[in-house]
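Below is one structure, written out as structure tokens; comments come after it.
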Amino acid sequence: MLKPFAIAIDPKGRAWVTGNEAQEVYIVSADGSVETVDSSAVSVSWPMGIAGDSQGNMWVSSSDTVNIVCTTPLDSQAGGMPSLIFYPADGGTPKQYTKVGGLSVPWGNAVDGDDTVWVFNFGHTPMEDADEDYEWPDTGIARFCGVGNCPPGLKPGDPISPHTGYTSDALERITAGAVDPSGNIWLLNNWRKDGPLFYDTNPGGNSFVIVPGAAKPVKTPLIGPPRAFRKAHHPDL
């Protein structure tokens with residue numbers, strides 16, 4: 001009944017895990033003990049991706065619609081209130097950012113070398129009245145100010161991307177993404193299935209997309225929290 005979905009490691013070596021069906025977030029310590037994170041101040045609804053920043057804060061995609069495994073394309077659990085949830089490293093009260101910056105069905109997410117948060121959307125919530133002529137809105141990538149350098153006038157949690165997110169004809173249903181040492185974002189288009197009507201109209205894909213240099217570079221391999229890529233770390237460069 002937990003449906004553990006995504007995992008991220010904090011600076012203390014603990015694993016943070018999203019429970020999709022349990023609609024909770026857990027911490028697994030090195031001794032194997034499991035703690036349920038206090039989420040009473042926010043609404044965790046069908047959570048998906050999770051990513052940590054350099055300070056040990058965690059950012060969770062609360063989809064409000066995706067019940068894994070999706071048995072049909074219309075297996076929606078309501079939808080309409082997608083959000084990004086911030087869990088402070090010091091155990092303070094989490095904060096929730098709802099329907100901003102292009103959030104539609106937030107799935108995977110990643111933090112770059114400047115602690116900026118990128119959220120990858122699984123398109124838009126399916127609609128019961130969709131047919132073969134229905135034009136699905138473009139899928140967007142949402143970008144949020146993190147605990148690093150924010151653009152002027154913004155604070156942590158504020159959206160940097162517009163209300164549509166960053167859109168492109170190359171983006172379909174995105175399930176995951178990662179940032180590399182050149183700041184490129186690698187994205188996975190997923191969920192293309194043949195079958196009944198709504199499978200055929202569901203705008204899925206079977207490809208990956210590269211967005212060159214959009215993010216702050218990250219030192220790889222990503223083990224634990226993200227680290228900014230600097231040449232000082234690589235004397236041979």
Side-chain angles (χ1 to χ4, degrees), residues 6 8 18 25 39 41-66 78-89 92-125 136-179 183-189 209 211-218 225-226 228:
T18 55
V25 178
S39 300
V42 293
S43 176
V44 183
S45 179
W46 306 104
M48 307 292 287
I50 183 170
D53 62 29
S54 67
Q55 305 302 312
N57 306 298
M58 290 291 167
W59 301 82
V60 172
S61 292
S62 181
S63 74
D64 193 40
T65 187
V66 182
M81 293 297 287
S83 65
L84 179 67
I85 302 177
F86 169 74
Y87 289 90
T93 303
K95 298 179 181 179
Q96 190 160 25
Y97 309 96
T98 303
K99 296 182 68 175
V100 290
L103 291 175
S104 53
V105 182
W107 191 296
N109 49 22
V111 176
D112 67 19
D114 207 17
D115 278 332
T116 297
V117 185
W118 299 81
V119 183
F120 313 122
N121 289 293
F122 189 67
H124 292 259
T125 303
W136 291 83
D138 290 337
T139 298
I141 302 173
R143 182 187 181 193
F144 291 82
C145 179
V147 297
N149 296 320
C150 289
L154 298 183
K155 61 184 184 302
D158 285 346
I160 300 174
S161 51
H163 71 279
T164 58
Y166 300 133
T167 61
S168 166
D169 289 343
L171 302 178
E172 297 169 297
R173 287 200 178 278
I174 312 170
T175 54
V179 181
N184 305 312
I185 305 177
W186 297 69
L187 304 168
L188 300 181
N189 283 327
V209 177
V211 186
K216 185 77 171 183
V218 171

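Sequence positions, counted from 1, serve as the residue numbers for this chain. The analysis underlying the following values was restricted to heavy atoms, covering all of them including side chains, and did not include hydrogens, waters or symmetry mates. Here the structure is a predicted model, which is why all the values come from computation and not from measurement.
- For residues 150-165, the pairs satisfying salt bridge (Lys or Arg N to Asp or Glu O under 4.0 Å) are Lys155-Asp158, with sequence neighbours left out.
- For Ser54, the side chain to side chain donor-acceptor pair (under 3.5 Å) criterion is met by Asp115, not counting sequence neighbours.
- One N or O on the side chain of Asn121 and one on the backbone of Gly140 form a donor-acceptor pair closer than 3.5 Å.
- Across all their heavy atoms, Val42 and Lys95 have their closest contact at CG1-C, 4.0 Å.
- Considering every non-hydrogen atom in both Val111 and Trp59, the closest pair reads CG2-CD1, 4.3 Å.
- Shown here are the side chain to side chain donor-acceptor pair (under 3.5 Å) partners of Ser83, two or more places apart in sequence or in another chain: Gln96.
- Residues that satisfy the ring pair (Phe, Tyr, Trp, His ring centres under 6.0 Å) test with Tyr166, not counting sequence neighbours, are absent from this structure.
- Among all heavy-atom pairs drawn from Pro88 and Pro94, the shortest one is CD-CA, 3.9 Å.
- Annotation for Pro106 and Val119: closest pair CB-CG1, 3.6 Å, computed over non-hydrogen atoms.
- Applying the side chain to side chain contact (heavy atoms under 4.5 Å, CB included) criterion to Pro159, with sequence neighbours excluded, gives Val100, Phe144.
- The closest donor-acceptor contact from the side chain of Ser104 to the backbone of Gly123 lies under 3.5 Å.
- In plain terms, the two heavy atoms of Gly113 and Ala228 that are nearest each other are O-CB, 3.3 Å.
- The minimum heavy-atom distance linking Ala6 with Gly49 is given by the pair CB-CA, 3.8 Å.
- Looking at Ser63, its side chain never comes within 3.5 Å of a backbone N or O of Trp107 through a donor-acceptor pair.
- The side chain to side chain donor-acceptor pair (under 3.5 Å) check on Tyr87 picks up Ser39, with sequence neighbours excluded.
- Put simply, the side chain of Thr98 never gets that close to the backbone of Met81: no donor and acceptor are under 3.5 Å apart.
- With sequence neighbours left out, Asp169 forms a side chain to side chain donor-acceptor pair (under 3.5 Å) with no residue at all.
- Residue pairs meeting the salt bridge (Lys or Arg N to Asp or Glu O under 4.0 Å) criterion with at least one member in residues 41-61, sequence neighbours excluded, do not occur.
- Residues satisfying the side chain to side chain contact (heavy atoms under 4.5 Å, CB included) criterion with Pro212, sequence neighbours excluded, are Asn184.
- Checked against side chain to side chain contact (heavy atoms under 4.5 Å, CB included), Asn189 has the following partners two or more places apart in sequence or in another chain: Glu172, Ile174, Ser207, Val209.
- Looking only at side-chain heavy atoms (C-beta outward), Phe120 and Ile141 come within less than 4.5 Å of each other.
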Using the rule given for side chain to side chain contact (heavy atoms under 4.5 Å, CB included), can you reason through Asn109 versus Leu84, listing the C-alpha separation, both sets of side-chain angles and the distance that settles it, and then say yes or no? CA-CA 10 Å; Asn109 49 22; Leu84 179 67; 4.2 Å; yes
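- With sequence neighbours left out, Ala215 forms a side chain to side chain contact (heavy atoms under 4.5 Å, CB included) with Asp112, Trp118, Val179, Ile185.
- By the 4.5 Å heavy-atom criterion applied to side chains, Arg143 and Thr116 are counted as neighbours.
- For His163 (side chain) and Lys99 (main-chain N/O), no donor-acceptor pair under 3.5 Å exists by modelled atom type.
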